[in-house]
2 protein chains.
Amino acid sequence: MNKKSATIYDISKKLNVSVATVSRALNNHPRISQATKELVNKTAKEMNYKQNNLAKALKSGETKNVGIIVPFVNTNFFSSVIRGIEEELSPFGYHVIICQSHEDVNIEKRHLNTLLNAQVDGIFMSVSRTTIDTSHIQSILDTTNTPIIFFDRKKDIPGISTVTIDDYRGGYMATEHLIKEGYKNICHFSGDLNLEIYQNRLNGYKQALTDHHFQVKDENIITTGSSIEEGIEAIKTLWDRKSVPDAIFSASDFAALGACQELKKKKIKIPQEVAVIGFSNEPFTQFMELPISSVDQTPVMMGKMAGQVFLESVKENGSGISTEKKVVLAPQLYIRKSSKRK
Amino acid sequence: MNKKSATIYDISKKLNVSVATVSRALNNHPRISQATKELVNKTAKEMNYKQNNLAKALKSGETKNVGIIVPFVNTNFFSSVIRGIEEELSPFGYHVIICQSHEDVNIEKRHLNTLLNAQVDGIFMSVSRTTIDTSHIQSILDTTNTPIIFFDRKKDIPGISTVTIDDYRGGYMATEHLIKEGYKNICHFSGDLNLEIYQNRLNGYKQALTDHHFQVKDENIITTGSSIEEGIEAIKTLWDRKSVPDAIFSASDFAALGACQELKKKKIKIPQEVAVIGFSNEPFTQFMELPISSVDQTPVMMGKMAGQVFLESVKENGSGISTEKKVVLAPQLYIRKSSKRK
DNA sequence: TTGTAAGCGTTATCAG
DNA sequence: CTGATAACGCTTACAA
C-alpha cells in the first residue's frame, strides 16, 4: 500500500480553488484573504501535506543544501568543524551533505561532481593529501557559480575563500614556548609537507628558532604521519643517534603521544629531560596522566566562520561580483605538564 | 556574470536532435546508435553539461539522499556511525545529510520535517534524550513511505528497523569480568535511564550479579551523566559512605575517567583496590598511562549495518510489504589494566 | 533509431 | 483577492 503524499493540487481540488491560491496561501502571500489562508492551512494539515522542496528548488535554483568534503568524518577535528558549519547554517534552513574523500583525490573529484549534480548551493572542503593538481577545482570555479570554501587544508586558488588557523603562528608559539622553558635542542615532527598546514607549522618552528638565535638543523626535522606508531618510530631513530634532542614539537598529537609512550619506555623523564608538545588539542591530550601540551585549532569556530563566509557569499551573489575572503583564526596554546620544566 | 549551466535542451539545439535523444544517449539507452551516443557525450563534455539531479529526482521520486539525525556530530561514537553509513551507501550513489538534535526533541521534530520536505529516501536516527513521546515518529510511519532506521538509541515502534548493540550483554560481560577477577562489591554508574541503552546495560549488570549469587543493592546504582565531572562526583559521594565498593562498572567512559582521576587523588590503587571499567571504548581509554577497560560498540560496523538495512528496505519497497529488521551487534570487551587484578 | 509531448510539484507572471 | 498557465530540467510512454 503506497502512501502518496498530498500536493497543492490535491488541496486545490478539495477546496475548489486554484493551485496558485493554495501556493500563495501556504506561503502567506499578502494579497490572500485571511479566510482562505486559514482554510488552506487547515486542510493542508488535515491532508498531511508536505511541501516538496525538490520542486521548489527546481524552480528557484536554490536547494538549501551545502556539501562538505573531508578526508574522514570520524576524527575530532573534522567532526567538530562539521558541527560548527551545521550549527551556523541550520538556522537559515540549510542542510549539510557529508562526503569522505579517504585522502584520495579521485574520490574527491567524484564527490565534487555528484555534489554539483545535486545542485548544492555551496561546497566546503578540506583537500585530501593526494590533491596536488587542483584543476578539477579550478574548473568548477570557471564553469559554475557554486561558491567553494576551503577550510584548514586549503590550496591557493584565486577566487576561493578560505578559513584556516594561523598554523605558522601555532608552530611559532609552540616552539617559542619550548625555548622559553629553557630547552635547547628542539626537534620537529612534521606531517605531510604536501599540505600547506604542515609547511606552515614547520616554517613557524624554523622562524622561532632563528629569532631566538638557534640554528635550524635539517636532521632535527623528521617527517612523520599522524599516527602513534610513527611517533614511536621517530623517537627510536632519534635515539639511535649520538646527540638526542631535549624537546619535541610534533605537528600531530598522535605522533606526540607515540613519542611520550616510547620515551617512557626508555625511562626518559618528561618534561625534565625531554619536553613534548603536540598539535590539534585532541581530547585525549588533556586526559592523560601526563597531560600533553598542544595547540588548539578551534575547529567548531572554524566551522562557524566557514558557514558565515558562505552566507555572505550567497548574499553577495545576488548583488554582483563575489569577493573572496580569507579568514585566519588564532591558534590557542594549551600548556600542560609535558612541556613545563620550570 | 552568471554562468548558467547547460541543459539537455542546449545540447539538443546544438546538435539538431530531440531532447529525448540526448537524454537517452547520456543514459546509454540501448536503442540509440553508437554514433549519436558518442556525439552527444562529446558535446556534453564540451558544453560542460552537468546533469540536474533535482529534475531527475522530481521525476523519479528518488533523491538518492538520506538523512541522519544524531544529538551531536562531533563525538567519536556518532561520527563513526556516520562514517559507516556514508561508506556503505556512497557506492550506491547516495549522499548523507547530517542533522544535530542537540538532545532536544523539538529540534529533532523540526529536522524530521525538513528532511521529509527535502524528499530524502530514508532517515537514520538516534533519538534525543528528551524524546519520550514518539508520536511525531509514528506519524511519519503512518503517512509516508520513507523508511526510518533507528541505530543505538532506539524506541520500540512496530515497523521501524533497528540496529543496536546488545547493551544488556555488554553490561553483563563487563560485570561478569569484574566478578571473575575477584571483585565483590561492584557499583554501577548508569546513564540517563530514559534511554533504553542505559536501561539494558543496567539490567545486564543486575543479571550478572544475580547469576553469580551477588545481591543487587540499590545504593550501588548511581545515576551519572556522561561527563568526567559526574564521575568524580559519584566517587566522592560513594567514599563518603561507610562501605565503599571495590569495583565500578560505568556505562560511560567519561564517567569512568572521572572516577579514575578522583580515585587517584584519593591515593586508591587501580586495579588493586578498586577496578574500573567503562563503556564505548572511547579512543582515550587505551591511550592512558593506566588504560581503562571498556566495552566497544563497533560504531562503524553499526553504521554499515544500518546502511545495509536501508538498502534492503529500498529493494523490498518496490516488491511489496516492507518488513522490519532488528539487527543486534555483539559488544566487544576490551580488558585493560584498570580491571585486571589477577 | 529518433521525435513528440506529458508529467513530476512548485512558483511567478499576467490577467481578470 | 483569485485564476490560468508557463517554466524549472529531466525521463518515458507512445508514435513514427
Side-chain angles (χ1 to χ4, degrees), chain A residues 2-41 44 47-65 93 114 116-121 144-145, chain B residues 2-41 44 47-65 93 114 116-121 144-145:
Chain A
N2 259 21
K3 299 148 195 158
K4 284 278 298 173
S5 56
T7 71
I8 51 172
Y9 275 87
D10 300 322
I11 301 178
S12 87
K13 238 173 270 169
K14 185 156 200 169
L15 296 179
N16 272 316
V17 294
S18 74
V19 284
T21 303
V22 175
S23 172
R24 285 192 272 246
L26 290 170
N27 288 307
N28 203 22
H29 192 284
R31 290 207 296 262
I32 292 285
S33 77
Q34 200 54 36
T36 33
K37 271 185 196 171
E38 276 164 17
L39 185 61
V40 168
N41 279 303
M47 300 179 73
N48 220 286
Y49 168 76
K50 295 220 180 335
Q51 160 156 272
N52 186 330
N53 275 340
L54 240 46
K56 188 177 180 179
L58 182 58
K59 189 99 234 291
S60 70
E62 273 197 342
T63 54
K64 292 283 186 175
N65 283 157
T114 58
L116 290 174
N117 289 157
Q119 308 295 119
V120 292
D121 295 344
T144 77
N145 289 310
Chain B
N2 259 19
K3 300 147 196 158
K4 284 277 300 172
S5 58
T7 72
I8 51 173
Y9 276 87
D10 300 322
I11 300 179
S12 87
K13 239 172 269 171
K14 185 155 199 173
L15 295 179
N16 273 316
V17 294
S18 74
V19 285
T21 304
V22 175
S23 170
R24 285 192 269 246
L26 290 170
N27 289 307
N28 203 20
H29 192 284
R31 290 205 297 264
I32 292 285
S33 78
Q34 200 55 35
T36 33
K37 271 185 196 170
E38 276 163 18
L39 185 62
V40 168
N41 279 303
M47 301 179 72
N48 220 285
Y49 169 77
K50 295 221 182 333
Q51 160 157 271
N52 186 329
N53 275 340
L54 242 46
K56 187 178 180 178
L58 183 57
K59 189 95 234 289
S60 71
E62 274 196 340
T63 53
K64 292 284 186 175
N65 283 157
T114 58
L116 290 173
N117 290 156
Q119 310 294 119
V120 291
D121 295 344
T144 77
N145 289 310

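Letters A, B, ... are given to chains in the order of the sequence lines, protein chains preceding strands, and every chain is numbered from 1. The model shown is predicted, which means the values in this text are computed figures rather than measured ones. Side chains are part of it too, since the values below use all heavy atoms of this structure and drop only hydrogens, waters and symmetry mates.
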Student: Of the nucleotides dG3(C), dG9(C), dT11(D), which has the atom closest to the Lys59(A) side chain?
Tutor: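 Selected nucleotide (nearest to the side chain): dG9(C).
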Student: Over how many whole Å does the gap from His29(A) atom NE2 to dT13(C) atom P extend?
Tutor: 10 Å
Student: Across the strands shown, which category fits Asn53(A) at heavy-atom distances under 4.0 angstrom: base, sugar-phosphate, nothing?
Tutor: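 No contact.
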Student: Whole Å only: how far is the CD atom of Gln51(B) from the P atom of dC8(D)?
Tutor: 17 Å
Student: Kindly say if Asn52(B) contacts the phosphate of dC8(D), meaning a side-chain N or O under 4.0 Å from OP1 or OP2.
Tutor: no
Student: Would you confirm whether Thr63(A), through its side chain, and Ala57(A), through its main-chain N or O, come within 3.5 Å as a donor-acceptor pair?
Tutor: no
Student: Measure from the side chain of Arg31(B), starting at C-beta and using heavy atoms only, and say which of dG3(C), dT1(C), dA4(D) lies closest.
Tutor: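 Out of dG3(C), dT1(C), dA4(D), the nucleotide with an atom closest to Arg31(B)'s side chain is dT1(C).
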Student: Answer yes or no: are there more than 12 heavy-atom neighbours, outside Lys37(B) itself, under 6.0 Å from its atom NZ?
Tutor: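 Above 12, so yes.
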Student: Quick check: on DNA chain C, is the nucleotide nearest Ser18(B) upstream (toward 5') of the one nearest Ile8(A), or the reverse? Name the residue that is more 5'.
Tutor: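 Nearest nucleotide further toward 5': that of Ser18(B).
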Student: How would you label the contact of Lys50(A) with the nucleic acid (heavy atoms, under 4.0 Å): base, sugar-phosphate, or nothing?
Tutor: sugar-phosphate
Student: Among dA5(C), dC1(D), dT10(C), which nucleotide has an atom closest to any side-chain atom of Ala55(A)?
Tutor: dT10(C)
Student: Remember a base hit wins even if backbone is also touched, and classify Ser60(B) as base, sugar-phosphate or nothing at under 4.0 Å, heavy atoms.
Tutor: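 Here Ser60(B) touches no strand at all.
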Student: Test side chain to side chain contact (heavy atoms under 4.5 Å, CB included) on Val22(B) and Leu15(B) and set out the steps.
Tutor: CA-CA 9 Å; Val22(B) 175; Leu15(B) 295 179; 5.5 Å; no
Student: Measuring to OP1 and OP2 of dT1(C), would you say a side-chain N or O of Thr36(B) lies under 4.0 angstrom away?
Tutor: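 Negative; the distance criterion is not met.
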Student: Send over the distance from Leu26(A) CG to dT11(C) P, rounded to a whole Å.
Tutor: 8 Å
Student: So, OP1 or OP2 of dG9(C): does either fall under 4.0 Å of a side-chain N or O from Thr7(A)?
Tutor: no
Student: Ignoring the backbone of Leu58(A), work out which of dT10(C), dC8(D), dT4(C) is nearest its side chain.
Tutor: dC8(D)
Student: dG9(C) C1' sits how many Å from Lys56(B) NZ, rounded?
Tutor: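 The answer, rounded to whole Å, is 19 Å.
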Student: Is the shortest side-chain N/O distance from Ser23(A) to OP1 or OP2 of dT11(C) below 4.0 Å?
Tutor: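 Yes, because at least one side-chain N or O of Ser23(A) sits under 4.0 Å from OP1 or OP2 of dT11(C).
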Student: Quick one: Asn27(A) CG to dT11(C) P, roughly how many Å, whole number?
Tutor: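 It is 5 Å, rounded to the nearest whole Å.
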Student: Does Asp121(B) reach the main-chain N or O of Lys64(B) with its side chain, forming a donor-acceptor pair under 3.5 Å?
Tutor: yes
Student: Hydrogens and angles aside, do Asn48(A) and Lys50(A) bring a side-chain donor and acceptor to less than 3.5 Å of each other?
Tutor: yes
Student: Would you kindly give the CD-to-P distance between Glu62(A) and dG9(D), to the nearest whole Å?
Tutor: 15 Å
Student: OP1, OP2 of dG9(D) versus side-chain N and O of Gln119(A): anything below 4.0 Å?
Tutor: no
Student: Do any side-chain nitrogens or oxygens of Tyr49(A) fall under 4.0 Å of OP1 or OP2 in dT10(C)?
Tutor: yes
Student: Can you figure out which of dG9(C), dC10(D), dG3(C) approaches the side chain of Val17(B) most closely?
Tutor: dG3(C)
Student: Is Thr21(B) near enough to dT1(C) that one of its side-chain N or O atoms lies under 4.0 angstrom from OP1 or OP2?
Tutor: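 The answer is no; no side-chain N or O of Thr21(B) sits under 4.0 Å from OP1 or OP2.
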Student: Please tell me which of the listed nucleotides, dG9(C), dT2(D), dG3(D), lies nearest to the side chain of Ala20(A)?
Tutor: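 Nearest nucleotide to the side chain: dG3(D).
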Student: Rounding to an integer number of Å, can you tell me how far Leu54(B) CG sits from dA7(D) C1'?
Tutor: 14 Å
Student: Find which nucleotide of DNA chain C each of Arg24(A) and Ser5(A) is nearest to by heavy atoms, and output the residue with the more 5' nucleotide.
Tutor: Ser5(A)
Student: Side chain of Asp10(A), backbone of Thr7(A): donor and acceptor closer than 3.5 Å?
Tutor: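 The answer is yes, because a donor-acceptor pair under 3.5 Å joins these two groups.
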Student: Using modelled atom types only, decide if a donor and an acceptor are shared between the side chain of Ser60(B) and the backbone of Lys56(B) within a distance under 3.5 Å.
Tutor: yes
Student: Find the distance Lys64(A):NZ to dT10(C):C1' and express it as a whole number of Å.
Tutor: 16 Å
Student: OP1 or OP2 of dT2(D) less than 4.0 angstrom from a side-chain nitrogen or oxygen of Ser33(A), does that happen here?
Tutor: yes
